[in-house]
Amino acid sequence: MYSISCRMNQLHNVTNVSCSHLSLFHVRKPPIYVSSCATNVSSKLVSSKFSTCLEYRSSKLPLKCVSQYSSDSLLPDPIPPIMKQKSMFILEILKQANSLLPYVVFASTLLALISPHSFTWFTSRYYAPALGFLMFAVGVNSSEKDFLEAFNRPAELLTAYFGQFVVKPLLGYLLCIISVNVFGLPTAIGAGIVLLACVSGAQLSSYTTFLSDPQMAPLSIVMTSLSTISAVFVTPLLLLLLIGKKLPIDVKGMVFSITQVVLVPITLGLLLNRFFPHICNAIQPFLPPLSVLIAALSAGAPLALNIESVKSPFGFTIFLLVVAFHLSSFVAGYILSGFVFRDSPDAKPLQRTISFETGMQSSLLALALANKFFEDPVVGMPSAISSPLMSLMGFSLVLIWSKIKSKSKLGS
């Protein structure tokens, strides 16, 4: 008992010695860090606010006890805080790259007009992989539940379909009459406007919806896919009724296009998100800047490849007609959905989604049909001008609506 009491008194004396005093001793070996709770010293002998410094004399190694109230790790952080801040700053810039889309698309359009050879390498064989990448980016940020819920909204799907194949073809036919009877343009240009109005919705509309209202992206993809699949039959029928042009029906080619551009990329993105979330988290910051680059190429390339037709004497008049067509389509889709879903809790997101579906056309499909089934190359001019113009207008709406939503959130 006497030896134990002496030992406890020695420990008590050591605890009263500060670490700064112990630093005066000559120590050859590095200190060992242990938690104060691991020692056998009574809690009455150890201060609750400060670390206790003990000397383990038998091994001649200084023993520094870390306070049990300390939140610091026993090992130093290998990444300095300033490096962490810089990494987070870079990732945030990458994620915000989508906000630059309207400006980048506008710059690519100007570059295509000034220096067409900058885009001529991006030929039509790259269009499907480019659109597929945008669909993959949507799939990575979605889940299979979102798509299952989209099929349970028949009223929304029917409204978008009505705007796609009823409202928009009528607007195209009206502008066709105006272009021929008012502006005195060739009938081939009027036929090109009708052709543009009768094709399916653009896959790019799903990406603009994803940027504006991410929760509506799966619904937009289902809308666009339904219009694209049915366009195999509906587009030839509309062209026959409106301009008397009979087109062959290529069911196999259309199904292959849908599979390549929509189904496969979306499925890959969903599977990656479901089974490999760590990979998703690693690649997600890099998807926005890559998507901006691909969208800019997809907008500028068709214009550059058809630059001679665009610079024709009718080019500016066609430009105005295409602007009127897309603008009226955006407005018609917004008003139509606003009337149908005026009492819906998500009326505004639905209005924006259906506006994108109605206002953005598959210009590349219309251009391909014009080059393949119409003898006069002038028929493809509205579609060639539509591709960059539609992208610019769509992404500008994304920017405008995002600012409006931000102001409304601040106001509330």
Side-chain angles (χ1 to χ4, degrees), residues 98 101-113 119 122 124 127 130-131 134-135 160 163-165 167-169 171-172 175 189 192-212 220 223-224 227-228 231 235 261 291-292 294-307 309-310 315-316 318-334 352-370 380-401:
N98 286 325
L101 256 173
Y103 309 107
V104 176
V105 171
F106 179 72
S108 68
T109 303
L110 290 179
L111 185 60
L113 291 172
F119 293 91
F122 197 80
S124 57
Y127 294 162
L131 294 175
L134 296 179
M135 293 300 100
Q164 183 71 45
F165 286 123
V167 175
K168 195 153 46 178
L171 290 174
L175 289 172
I189 293 179
I193 296 176
V194 173
L195 173 62
L196 177 64
C198 292
V199 295
S200 58
Q203 300 296 339
L204 205 58
S205 64
S206 300
Y207 190 68
T208 54
T209 299
F210 167 71
L211 297 178
S212 179
S220 176
M223 290 175 177
T224 307
S227 70
T228 305
T235 297
V261 175
S291 300
V292 170
I294 288 175
L297 290 173
S298 300
L303 184 63
L305 293 172
N306 297 273
I307 192 65
S309 299
V310 174
F316 184 71
I318 298 174
F319 172 82
L320 294 178
L321 290 170
V322 172
V323 169
F325 168 70
H326 284 295
L327 185 60
S328 60
S329 298
F330 279 118
V331 173
Y334 192 83
R352 292 189 286 265
T353 300
I354 295 179
S355 177
F356 284 131
E357 290 297 316
T358 310
M360 303 184 76
Q361 288 292 87
S362 183
S363 306
L364 300 179
L365 175 60
L367 184 60
L369 293 175
M381 288 180 62
S383 300
I385 295 176
S386 168
S387 183
L389 190 60
M390 171 198 69
S391 302
L392 183 60
M393 294 176 73
F395 290 126
S396 297
L397 277 177
V398 170
L399 186 63
I400 292 171
W401 279 331

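Each residue takes its place number in the sequence, starting with 1.
Distance alone, capped at 3.5 Å, places no donor-acceptor pair between the Ser220 side chain and the Thr209 backbone. A distance-only check finds a donor-acceptor pair linking the side chain of Lys168 to the backbone of Thr358 [under 3.5 Å]. Judged purely by atom type and a 3.5 angstrom limit, Ser329 uses its side chain to pair as donor or acceptor with the backbone of Phe325. When atom types are taken as modelled, the side chain of Ser355 and the backbone of Arg352 share no donor-acceptor pair closer than 3.5 angstrom.
Here Ile189 contributes atom CD1 and Ile193 contributes atom CD1; the two are 7.5 Å apart, rounded to the nearest 0.5 Å. Here the CE-OG1 distance, from Met390 to Thr208, works out to 9.0 Å after rounding to the nearest 0.5 Å. Atom CG in Leu134 sits 5.5 Å away from atom CD1 in Ile294 (nearest 0.5 Å). Between Phe316 atom CZ and Leu321 atom CG the span is 10.5 Å, to the nearest 0.5 Å. To the nearest 0.5 angstrom, Met360 atom CE is 9.5 Å from Thr224 atom OG1. Remark: Ser387 OG to Leu367 CG distance equals 8.0 Å, nearest 0.5 Å.
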Please step through side chain to side chain donor-acceptor pair (under 3.5 Å) for the pair Ser200 and Gln164, ending with a clear verdict.
-> CA-CA 7 Å; Ser200 58; Gln164 183 71 45; over 6 Å; no
Mind running side chain to side chain contact (heavy atoms under 4.5 Å, CB included) on Phe119 and Leu297 for me, showing each step along the way?
-> CA-CA 7 Å; Phe119 293 91; Leu297 290 173; 4.0 Å; yes
Test Ser386 against Ser363 for side chain to side chain donor-acceptor pair (under 3.5 Å), laying out the working first.
-> CA-CA 6 Å; Ser386 168; Ser363 306; 2.8 Å; yes
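Residues Val104 and Ser108 fail the side-chain proximity criterion, which asks for heavy atoms closer than 4.5 Å. At least one side-chain heavy atom of Phe356 sits less than 4.5 Å from a side-chain heavy atom of Phe330. Annotation: side chain of Thr353 is in contact with side chain of Met223 (closest heavy-atom distance under 4.5 Å). Contact check for Leu389 versus Phe319: side-chain heavy atoms found under the 4.5 Å cut-off. Side-chain atoms of Ser298 and Phe122, non-hydrogen and from C-beta on, do get closer than 4.5 Å to each other. Side-chain atoms of Ile354 and Tyr334, non-hydrogen and from C-beta on, never get closer than 4.5 Å to each other.
Considering every non-hydrogen atom in both Ala332 and Leu171, the closest pair reads CB-CD1, 4.3 Å. For Ser391 against Leu204, the heavy-atom pair with the smallest separation is OG-CD2, 3.4 Å. Scanning all heavy atoms of the two residues, the minimum distance from Ala112 to Leu303 falls at CB-CD2, 4.1 Å. When every heavy atom of Cys198 is checked against every heavy atom of Gln361, the shortest pair comes out as N-NE2, 4.1 Å. Between Pro388 and Val105, the closest heavy-atom pair is O-CG1, 4.2 Å.
Note: Tyr207 and Phe395 have perpendicular aromatic rings, judged against thresholds of 30 and 60 degrees for the angle between ring planes.
Exactly one residue among Leu369, Leu196, Val199 makes a side chain to side chain contact (heavy atoms under 4.5 Å, CB included) with Ser383. That residue is Leu196.
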